[in-house]
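A quick write-up on the structure given underneath.
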Amino acid sequence: MVSKNTICLCFNGTAVEAAQFYAETFPDSEVGRVHRAPGDYPAGKQGDVLMVEFSVIGIPCIGLNVGAAFKHNEAFSFQVATDDQAETDRLWNAIVRNGGQESACGWCKDKWGLSWQITPRALSAAIADPDRAAAKRAFDAMMQMGKIDIATIDAARCG
C-alpha cells in the first residue's frame, strides 16, 4: 500500500469476503492484494489468507484475519455522506440485508460487526442550521429514526 496511514480491521477468517462486499457496495472501493501467511499463526495455518488490502470510498484499509479474539464495536465506524434518499436507502439496505442489523440515528452494523453511519448531507446541514430551533427540530426527528428519512428531516427543520 502507498498510503502512510491505513485502517486495519480485524476479521475471523472473513477478511476477503468483507473486502469484496465493501468493494461491491460502495463507490470508489476496491479489493487489492491478498497476502497468505508464510507460516502458522494463532488464528491459522501457513497458506491461509492472513491479510487483504482494500479501499472503502477511497480510504485504504487492511483486513487482517486474526481470529475471534478481537471484535468490532461502535467506538469505530465509517461515516458515509449520502446525497439523496435513494443513495441512503441503497447503502443502508445493502448493509442490513446482508446479515447486518439496524441501529438508531442512521447507524447500522454489517454482518462482521463493523458500524456504519449512513448520513445524508441534508441531515448534517439541518443539525448545523444557524437557526438553532430548526436544528433542534431536525435533531429531535433524527433521534426517532433508524435509517434517516430526508423528507422527515426537512419537514422538521422547516417547522
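Index from 1, following the sequence.
- In terms of modelled atom types and a separation under 3.5 Å, the side chain of S29 and the main chain of P27 share a donor-acceptor contact.
- Ring pair W116/F26 is parallel by interplanar angle, where below 30° counts as parallel and above 60° as perpendicular.
- A 4.5 Å side-chain heavy-atom check between F11 and L64 finds every atom pair outside the cut-off.
- By the neighbour-count criterion of 12 heavy atoms within 6.0 Å, atom CZ of R132 is densely surrounded, having more than that number from other residues, nucleotides or ligands.
- Side-chain contact between I57 and Y22: absent, with no pair of heavy atoms (C-beta onward) separated by less than 4.5 Å.
- Under the 3.5 Å distance criterion, with hydrogens and angles disregarded, a donor-acceptor pair is assigned to the side chains of T88 and T82.
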Worked verdict on V34 versus V16 for side-chain contact (heavy atoms from CB on, under 4.5 Å): CA-CA 8 Å; V34 174; V16 170; 4.2 Å; yes

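- Across all non-hydrogen atoms, the minimal contact from I95 to K109 is CG2-O, 3.5 Å.
- The closest donor-acceptor contact from the side chain of S3 to the backbone of N5 lies under 3.5 Å.
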Check against side-chain contact (heavy atoms from CB on, under 4.5 Å), C105 and M143: CA-CA 6 Å; C105 305; M143 293 299 293; 3.7 Å; yes

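- Of the inter-residue distances, the one linking F70 atom CZ with N12 atom CG reads 12.0 Å to the nearest 0.5 angstrom.
- The pair R36-D48 does not meet the salt-bridge criterion, since no charged nitrogen lies less than 4.0 angstrom from a carboxylate oxygen.
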Trace of the side-chain contact (heavy atoms from CB on, under 4.5 Å) decision for W107 with E74: CA-CA 9 Å; W107 290 63; E74 292 81 359; 4.2 Å; yes

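- At a threshold of 4.5 Å between non-hydrogen side-chain atoms, the residues I118 and K147 do not count as touching.
- The side chain to side chain contact (heavy atoms under 4.5 Å, CB included) check on K111 picks up E17, N98, with sequence neighbours excluded.
- Between R137 and A156, the closest heavy-atom pair is NE-O, 2.8 Å.
- Expressed to the nearest 0.5 Å, how far SG of C10 lies from CG of L114 amounts to 11.0 Å.
- Residues V80 and T119 form no side-chain contact, since every pair of their non-hydrogen atoms from C-beta on lies 4.5 Å or further apart.
- Between M142 and I153 there is a side-chain heavy-atom pair separated by less than 4.5 Å.
- Cluster annotation: F21 and V96 are assigned to the same hydrophobic cluster (Ile/Leu/Val/Met/Phe/Trp/Tyr, side-chain heavy-atom contacts under 4.5 Å, transitive).
- In terms of heavy atoms, A15 sits closest to N65 at N-OD1, 3.1 Å.
- Side-chain contact check for F54 versus I62: every heavy-atom pair is 4.5 Å or farther apart.
- The CG atom of D129 lies 14.5 Å from the CZ atom of F139; values are rounded to the nearest 0.5 Å.
- For the residue pair E30 / S55, no side-chain donor-acceptor distance below 3.5 Å is found, with atom types taken as modelled.
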Evaluation steps, side chain to side chain donor-acceptor pair (under 3.5 Å), between W112 and T14: CA-CA 8 Å; W112 299 280; T14 58; 3.3 Å; yes

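- In this structure, V52 and H35 have side chains that are not in contact, with every pair of non-hydrogen atoms separated by 4.5 Å or more.
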Working for side-chain contact (heavy atoms from CB on, under 4.5 Å), residues W92 and E102: CA-CA 8 Å; W92 174 278; E102 297 184 13; 3.6 Å; yes

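- The OH atom of Y41 lies 5.0 Å from the CG atom of L50; values are rounded to the nearest 0.5 Å.
- Inter-residue side-chain proximity for F76 and L9 is flagged as met; some heavy-atom pair is nearer than 4.5 Å.
- Residue R157 comes nearest to A125 through the heavy atom pair NH2-O, 3.6 Å, listed as atom of the first residue, atom of the second, then distance.
- Just one of D149, D84, I148 meets the side chain to side chain contact (heavy atoms under 4.5 Å, CB included) condition when paired with P120; it is I148.
- Here the side chain of D40 pairs a donor or acceptor atom with the backbone of Q46 at under 3.5 angstrom.
- Between atom OG1 of residue T25 and atom CG of residue N93 there is a gap of 11.5 Å, rounded to the nearest 0.5 Å.
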